[in-house]
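Each remark here refers to the structure printed beneath this line.
Naming: A, B, ... by sequence-line order, numbering from 1 per chain.
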Protein chains: 2
Amino acid sequence: MNHDEGQAESADVLERLGAFSERDEWTAKGWCRIERSLDLIGTRSAMLVVRELFYGGTKFDELARRTGLSEAVVAGRLKQLYADGIVDRRPYQEAGKRTRDEYVLTERGRGLFPIIVALVQWGELLGDDHRTGVELVHRDCEAPLSAHIMCANGHEVPLDQAAVRLKDEAYVTAMRTRPHGSR
Amino acid sequence: MNHDEGQAESADVLERLGAFSERDEWTAKGWCRIERSLDLIGTRSAMLVVRELFYGGTKFDELARRTGLSEAVVAGRLKQLYADGIVDRRPYQEAGKRTRDEYVLTERGRGLFPIIVALVQWGELLGDDHRTGVELVHRDCEAPLSAHIMCANGHEVPLDQAAVRLKDEAYVTAMRTRPHGSR
DNA sequence: CTTCTGGCTATGGTCTCCACTAGTCAGAGT
DNA sequence: ACTCTGACTAGTGGAGACCATAGCCAGAAG
C-alpha cells in the first residue's frame with residue numbers, strides 16, 4: 001500500500017506527496033487538469049488554428065490557408081473554439097466587401113501562450129534542420145524564448161525539485177469513502 | 001500584400017518580424033516546430049501516458065489502469081514513444097515474477113516537463129471545482145508551479161513583448177525563389 | 001436584375017483513435 | 001509437466017478527424 005520507498009528512486013520523475021502516493025486510488029477522470037486541457041485543444045487542428053491566431057491570422061481564409069487544413073475543418077474548429085471561449089468573433093467590413101467575422105483570441109485563448117512556447121521549444125530539440133523554421137523571440141532584445149518552470153515563490157524549479165500532490169486532500173479522501181463519484 | 005500596418009494592431013498577438021510578416025509565403029509544412037511536436041505527442045493517449053510516467057508509473061499495468069486507456073492503446077503508444085526516443089524500456093524482475101520491462105522517460109521525454117506544466121496551468125483556469133484535482137508544486141517550499149516565458153537574456157516576456165520571425169531569413173528567402181515554390 | 005466573389009456549409013469517403021473482448025505466450029510455482 | 005498470472009496482441013466496431021468536392025447565400029459590381 002505504502003509507496004514511501006518510492007521517494008528514494010531516481011529523481012527523474014515528480015516526487016509524489018501525501019495521499020497522491022497511493023496513485024491507484026485517484027484514477028478518476030476529470031481530476032488531472034491535463035485531460036481538461038486536452039478536451040479543448042487536444043487535436044492537431046485546434047492547435048494549428050490557435051497557432052495561426054497567435055501568428056496574427058484573423059480571417060477565415062487566412063486561417064484555412066496557413067494551417068493547411070480544409071475549410072470544413074477550420075470552420076468546425078473555430079466553432080468549437082468559440083463555444084469554448086478561446087476565440088471571439090468580431091464582425092467587420094472591408095471597403096467593397098460584405099461584412100464578415102474575424103477571429104481573435106480571448107483572454108483564455110491568450111493563456112495558451114506558454115503551451116505554444118513549450119511546444120515550439122520541445123520541437124526544436126527534435127530538429128534536424130536548424131536553419132529553417134520559425135523562432136519566438138523577445139521583441140526588445142531578440143533573444144529566443146523558452147518556458148521556465150517556477151514556483152509561486154520565484155524559485156526556478158527543475159524536474160528533480162518538483163512534486164505532485166492532491167489539492168485538497170481531506171475533501172478528496174472523504175469522497176473516496178463515498179459510493180458516488182460526482183462530475 | 002504588405003501587412004506592415006499590422007504592427008500597430010493591438011498587441012494581443014505575436015509581433016511578426018522581418019520576412020515572417022508576409023506570412024502567406026511560409027505555409028510550408030514542417031517549419032513550425034509545433035507540428036513536429038504534435039506528430040509525436042499530439043494524441044490524447046500519448047499525453048496521458050507521458051503524464052503517468054511523470055507521475056511515477058513505470059509498469060505496463062500501472063500505466064493502463066491509471067490513464068484509463070485500454071491495454072491495446074497503451075501498448076501501441078509505448079511502442080511509438082519508444083520508437084520516438086521518449087521512453088526507454090528497462091528489463092527488471094521482481095521476486096517470483098517473470099522478467100518484464102518497465103518504462104522510464106528518456107532525456108527527451110523529460111524535456112516535455114514544461115508542456116505538462118503549461119497544460120496543467122491552463123486547465124486550472126477552466127476549472128469549476130477548485131477543490132479536487134492534482135497540483136504541481138516545488139518540493140522544497142510547496143508553492144505551486146507555473147510556466148514563465150523568458151528570453152535567453154533572462155527577461156520575463158509577456159505575450160505583448162513577444163515576437164515571431166524566421167530563423168534563417170536568407171536561407172529561407174533563397175528557397176522561396178527556387179522552383180520548389182508552393183502556391 | 002444578374003453575375004460574381006468570398007465566406008462558409010453539406011456530403012461522402014478514408015483513416016486514425018480508442019474501447020472491448022478475446023487470445024497468446026513466457027516463465028514462476030507446484 | 002501442468003497450471004496460473006501478468007504482459008502483451010489481435011480482431012471488431014464505433015466515433016471522430018480530416019480531405020475533397022460541391023453547394024449555398026449575402027452583398028457588391030455591373
Side-chain angles (χ1 to χ4, degrees), chain A residues 24 27-29 34-35 37-53 57-84 86-104, chain B residues 1 24 27 29 34-35 38-53 57-84 87-104 182-183:
Chain A
D24 286 321
T27 313
K29 335 106 282 287
I34 292 177
E35 300 187 35
S37 295
L38 292 178
D39 286 343
L40 304 196
I41 46 135
T43 67
R44 172 184 166 81
S45 58
M47 280 306 304
L48 293 183
V49 169
V50 166
R51 178 193 72 183
E52 286 308 327
L53 291 165
T58 59
K59 300 176 203 160
F60 179 82
D61 71 312
E62 282 177 345
L63 298 173
R65 191 172 55 251
R66 296 177 184 180
T67 56
L69 298 167
S70 70
E71 294 180 342
V73 170
V74 173
R77 226 29 89 184
L78 284 171
K79 208 166 279 187
Q80 182 210 311
L81 291 170
Y82 177 72
D84 291 336
I86 294 167
V87 304
D88 204 4
R89 344 181 118 222
R90 181 192 292 174
Y92 79 110
Q93 188 162 19
E94 284 179 352
K97 300 283 179 63
R98 65 185 262 206
T99 60
R100 42 185 175 170
D101 283 342
E102 63 177 359
Y103 300 90
V104 292
Chain B
M1 296 287 172
D24 286 320
T27 313
K29 350 34 358 265
I34 291 177
E35 300 187 36
L38 292 178
D39 285 342
L40 303 197
I41 47 134
T43 67
R44 173 184 166 80
S45 58
M47 280 307 303
L48 293 183
V49 169
V50 167
R51 179 193 72 184
E52 286 308 328
L53 290 166
T58 57
K59 300 175 202 158
F60 179 81
D61 71 313
E62 282 177 346
L63 297 173
R65 192 171 55 252
R66 295 176 183 180
T67 55
L69 297 166
S70 69
E71 294 181 341
V73 170
V74 173
R77 228 26 91 184
L78 285 171
K79 208 166 279 186
Q80 182 210 312
L81 290 171
Y82 177 73
D84 291 337
V87 304
D88 203 4
R89 343 181 118 222
R90 181 192 293 173
Y92 78 111
Q93 188 162 19
E94 286 179 352
K97 300 283 179 63
R98 66 183 262 207
T99 59
R100 43 186 173 169
D101 283 343
E102 64 177 0
Y103 300 90
V104 293
S182 53
R183 297 194 41 94

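The distance from the OG1 atom of B:Thr43 to the CG atom of B:Leu48 is 8.5 Å, given to the nearest 0.5 Å.
Of the listed nucleotides (C:dT9, D:dT9, D:dA17), C:dT9 has the atom at the smallest distance from the side chain of A:Ala75. Between C:dC8, C:dC18, D:dC19, one nucleotide has an atom nearer to the side chain of A:Tyr103 than all others, and that is C:dC8. Residue A:Glu71 places its side chain closer to C:dC8 than to any other of D:dG11, C:dC18, C:dC8. Comparing atom distances between the B:Arg44 side chain and each of C:dA10, C:dC18, C:dC8 picks out C:dC18 as nearest.
Residue B:Lys79 places no side-chain N or O under 4.0 Å from the OP1 or OP2 atom of D:dC8. Under 4.0 angstrom from either OP1 or OP2 of C:dC17 there lies no side-chain N or O belonging to B:Thr43. Of the side-chain N and O atoms in A:Arg77, one or more sit less than 4.0 angstrom from OP1 or OP2 of D:dC18. Residue A:Ser45 places at least one side-chain N or O closer than 4.0 Å to OP1 or OP2 of D:dC18.
Atom CD in A:Glu102 sits about 16 Å away from atom C1' in C:dG6, given to the nearest Å. Separating the CD atom of A:Gln80 from the C1' atom of D:dA17 is a distance of 11 Å, rounded to the nearest angstrom. Rounded to an integer number of Å, the gap from CG of B:Leu38 to C1' of D:dC18 is 15 Å. One atom, NZ of B:Lys59, and another, C1' of D:dT5, lie 14 Å apart when rounded to the nearest Å. Separating the CZ atom of A:Arg65 from the C1' atom of C:dC8 is a distance of 15 Å, rounded to the nearest angstrom. A straight line from CG of A:Asp61 to C1' of C:dT5 spans 12 Å, rounded to a whole angstrom. Note: CG (A:Asp101) to P (C:dT9) measures 10 Å, nearest angstrom. Counting to the nearest Å, the C1' atom of C:dG6 and the CZ atom of A:Phe60 are 10 Å from each other.
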| message | Using side-chain contact (heavy atoms from CB on, under 4.5 Å), reason through B:Arg51 and A:Glu35 one step at a time and then give a plain yes or no. | response | CA-CA 10 Å; B:Arg51 179 193 72 184; A:Glu35 300 187 35; 2.8 Å; yes

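For the pair B:Tyr103 and B:Asp88, the minimum side-chain heavy-atom distance is 4.5 Å or more.
Using a cutoff of 4.0 Å between basic side-chain nitrogens and carboxylate oxygens, B:Glu102 and B:Lys59 are not scored as salt-bridged.
Closest non-hydrogen pair, B:Glu71 versus B:Phe60, comes out as O-CZ, 3.6 Å.
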